[in-house]
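The chains referred to below are lettered A, B, ... by the order of the sequence lines, with proteins before strands, and numbering in each begins at 1.
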2 protein chains.
Amino acid sequence: MTLGWEEIRAEVLRRIRAREWPPGALIPGEEALAEEFGVARATVNRAMRDLAEAGVIERKKRAGTRVAELPVRRARLEIPVIRLDVLGRGLTYDFKLLADRVERAPIPVTARLGLPEGTAMRYLETLHLAGGRPFVLETRWLNPAILPAPPPDFAAVSANEWLVTHVSLVSGDIAFTAEPATPREAEVMGMAPGTPLLVAERTTHGTTGPVTLVRLAHAPGHRVQMTF
Amino acid sequence: MTLGWEEIRAEVLRRIRAREWPPGALIPGEEALAEEFGVARATVNRAMRDLAEAGVIERKKRAGTRVAELPVRRARLEIPVIRLDVLGRGLTYDFKLLADRVERAPIPVTARLGLPEGTAMRYLETLHLAGGRPFVLETRWLNPAILPAPPPDFAAVSANEWLVTHVSLVSGDIAFTAEPATPREAEVMGMAPGTPLLVAERTTHGTTGPVTLVRLAHAPGHRVQMTF
DNA sequence: ATGGTTAATATGTCTAGACATAATGCAAGT
DNA sequence: ACTTGCATTATGTCTAGACATATTAACCAT
């Protein structure tokens with residue numbers, strides 16, 4: 001029976017958990033481990049690289065590999081298109097375009113996207129419905145520079161979905177906060193103002209510059225679930 | 001100048017974004033790409049594996065590699081120990097153990113951890129302080145079976161931190177919700193009841209069974225930030 | 001002591017070739 | 001028509017060896 005990289009990883013992990021190699025300790029080099037397990041160094045490397053990605057060990061050239069002092073847990077969040085999110089919950093999906101206009105974006109918006117003050121941007125307000133009931137209110141500022149010549153009809157395809165399939169997003173960030181429902185949100189989504197809402201704020205950048213800043217106000221009770 | 005796997009990845013990504021290989025399309029096999037770029041197949045494999053992990057392409061043995069129809073964006077959340085989170089914000093850290101007792105856990109708690117109804121569990125209530133002000137109220141149900149013979153003193157080291165360094169956590173999940181502050185939370189953290197709070201609920205399982213269920217109620221204004 | 005240079009070393013990556021594994025689609029048998 | 005089995009094929013993994021790169025520690029010169 002020959003060992004694979006996953007078995008190497010399992011054994012290394014076992015030794016770390018058993019405190020044979022305590023936090024902060026220096027682990028034998030790849031060459032030594034390769035010899036011990038009777039595999040090629042590349043196989044050990046594969047296993048160690050995986051553990052490093054998981055945050056269990058820290059590796060530095062020349063300095064060697066050591067067990068992480070305080071292993072940082074990493075959770076992965078998969079952000080689906082809202083339509084698929086809703087359908088995945090077994091509910092019917094629909095959306096309404098509540099607003100679509102071009103105007104000068106407020107300073108906080110341009111600032112966060114790194115655009116000059118007073119840039120004219122497309123403002124979109126979309127209410128996503130799940131099973132006929134409000135699911136998410138999306139308010140979006142979109143950089144018109146990234147849109148094609150005949151701009152897409154966001155009443156037919158939601159901006160959320162159009163962007164995923166037509167713009168190559170490079171990087172971005174999401175922040176989750178709990179906020180009281182604004183009067184506008186309360187009115188549109190049919191709830192009392194001040195109701196706690198889970199709000200996700202995303203900025204995304206593409207190859208040709210800033211793309212969009214979007215605020216997703218989720219209906220009460222919404223859970224964002226992650227596994228690790 | 002010789003190509004590395006990151007350059008292969010960049011070029012493949014460029015072709016996908018440029019729609020030379022549109023969503024759903026079948027990409028040439030590793031062998032073909034290796035020949036085209038003049039590198040070994042393992043190098044192409046490294047690049048493709050990375051793109052698959054990022055959700056840009058989907059790979060299946062025999063069936064080949066195709067461009068993802070709706071690229072699922074994946075964001076990574078790093079969950080540090082609360083103490084380091086606070087120190088990382090340039091604030092002093094402190095915590096107070098408000099409650100520490102053993103009692104029968106409520107049914108929802110045992111159910112979520114997969115323990116028998118009425119199991120006696122350790123209940124801990126910890127207030128984490130940042131710069132002397134309430135930061136997070138942690139309410140935790142801990143499976144006493146995983147604790148060592150002389151149980152640790154959670155007044156000296158927070159349970160949060162003790163668990164990370166002493167229990168090998170295998171899997172778990174986190175859910176974020178927005179909830180109104182309970183009377184207890186409002187009292188302890190000094191705010192009006194009903195104030196929207198960002199709540200994280202985590203369950204974790206170790207090698208020897210369920211470990212803990214914890215609820216972290218964050219002070220108003222708290223942001224959970226992720227990058228992708 | 002102090003600062004800069006150099007050699008040693010552990011990890012990172014690559015090559016060329018091999019076998020393993022899984023999924024597909026065709027062919028044969030019921 | 002339907003199922004079963006098998007050959008095919010693309011990805012997954014491994015080996016043994018090589019060179020690249022970052023970083024440390026030792027050394028030397030000021």
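- To the nearest angstrom, P of D:dT13 lies 10 Å from CG of A:Asp50.
- Between A:Thr43 and the phosphate of D:dT13, there is no side-chain N or O to OP1/OP2 separation shorter than 4.0 Å.
- Sorted by first and then second residue, the pairs that involve residues 28-47 of chain B and meet salt bridge (charged side-chain N to carboxylate O under 4.0 Å, His left out), not counting sequence neighbours, are B:Arg15-B:Glu36, B:Glu30-B:Arg41, B:Glu30-B:Arg59.
- Atom-to-atom, CZ of A:Arg9 to C1' of D:dC14 comes out at 16 Å; the value is rounded to the nearest Å.
- For the pair B:Glu35 CD and C:dA16 P, the computed distance is 12 Å after rounding to whole Å.
- Looking at residues two or more places apart in sequence or on another chain, you find no salt bridge (Lys or Arg N to Asp or Glu O under 4.0 Å) involving B:Glu58.
- Between the B:Thr43 side chain and the B:Trp5 main chain, no donor and acceptor come within less than 3.5 Å of each other.
- Ring pair B:Phe176/A:Phe176 is parallel by interplanar angle, where below 30° counts as parallel and above 60° as perpendicular.
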For residues 213-223 of chain B, tabulate all N or O donor-acceptor pairs below 3.5 Å that involve a side-chain atom, not counting sequence neighbours.
residue  : atom : partner  : partner atom : Å
B:Arg215 : NE   : B:Glu185 : OE2          : 3.1
B:Arg215 : NH1  : B:Glu179 : OE1          : 3.0
B:Arg215 : NH2  : B:Glu179 : OE1          : 3.3
B:Arg215 : NH2  : B:Glu185 : OE2          : 2.8
B:His218 : ND1  : B:Leu198 : O            : 3.0
B:His218 : ND1  : B:Leu216 : O            : 3.4

Atom pairs, N/O to N/O, protein against nucleotides 8-11 of chain C, distance under 3.5 Å?
residue : atom : partner : partner atom : Å
C:dA8   : N3   : A:Arg62 : NH1          : 3.4
C:dT9   : O4'  : A:Arg62 : NH1          : 2.7
C:dA10  : O4'  : A:Arg62 : O            : 3.3
C:dA10  : N3   : A:Arg62 : N            : 3.3
C:dT11  : OP1  : A:Thr65 : OG1          : 2.9
C:dT11  : OP2  : A:Glu30 : N            : 3.0

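- In this structure, A:Arg46 atom CZ and C:dG12 atom C1' are separated by 14 Å, rounded to whole Å.
- Near-neighbour residues of DNA chain D inside residues 10-23 of chain B, defined by a heavy atom below 4.0 Å, are absent.
- Computed from coordinates, the B:Trp5 CH2 to D:dG12 P distance equals 15 Å when rounded to whole Å.
- Not a single donor-acceptor pair under 3.5 Å links the side chain of B:Glu11 to the backbone N or O of B:Ile8.
- Note on A:Arg202 versus A:Asp173: no salt bridge recorded, every NZ/NE/NH1/NH2 to OD/OE distance being 4.0 Å or above.
- The distance from atom CG of B:Leu33 to atom C1' of D:dG12 is 16 Å, rounded to the nearest whole Å.
- OP1 or OP2 of D:dG12 has not a single side-chain nitrogen or oxygen of B:Arg49 nearer than 4.0 Å.
- Checking side-chain atoms of B:Asn143 against main-chain N and O of B:Pro210 turns up a donor-acceptor pair under 3.5 Å.
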Show me the donor-acceptor pairs, under 3.5 Å and distance only, between side chains in residues 70-83 of chain B and residues at least two apart or in other chains.
residue : atom : partner  : partner atom : Å
B:Arg74 : NE   : A:Glu78  : OE2          : 2.7
B:Arg74 : NH1  : B:Glu53  : O            : 2.8
B:Glu78 : OE2  : A:Arg74  : NE           : 2.7
B:Arg83 : NE   : B:Glu161 : OE1          : 3.0
B:Arg83 : NE   : B:Glu161 : OE2          : 3.0
B:Arg83 : NH2  : B:Glu161 : OE2          : 2.6

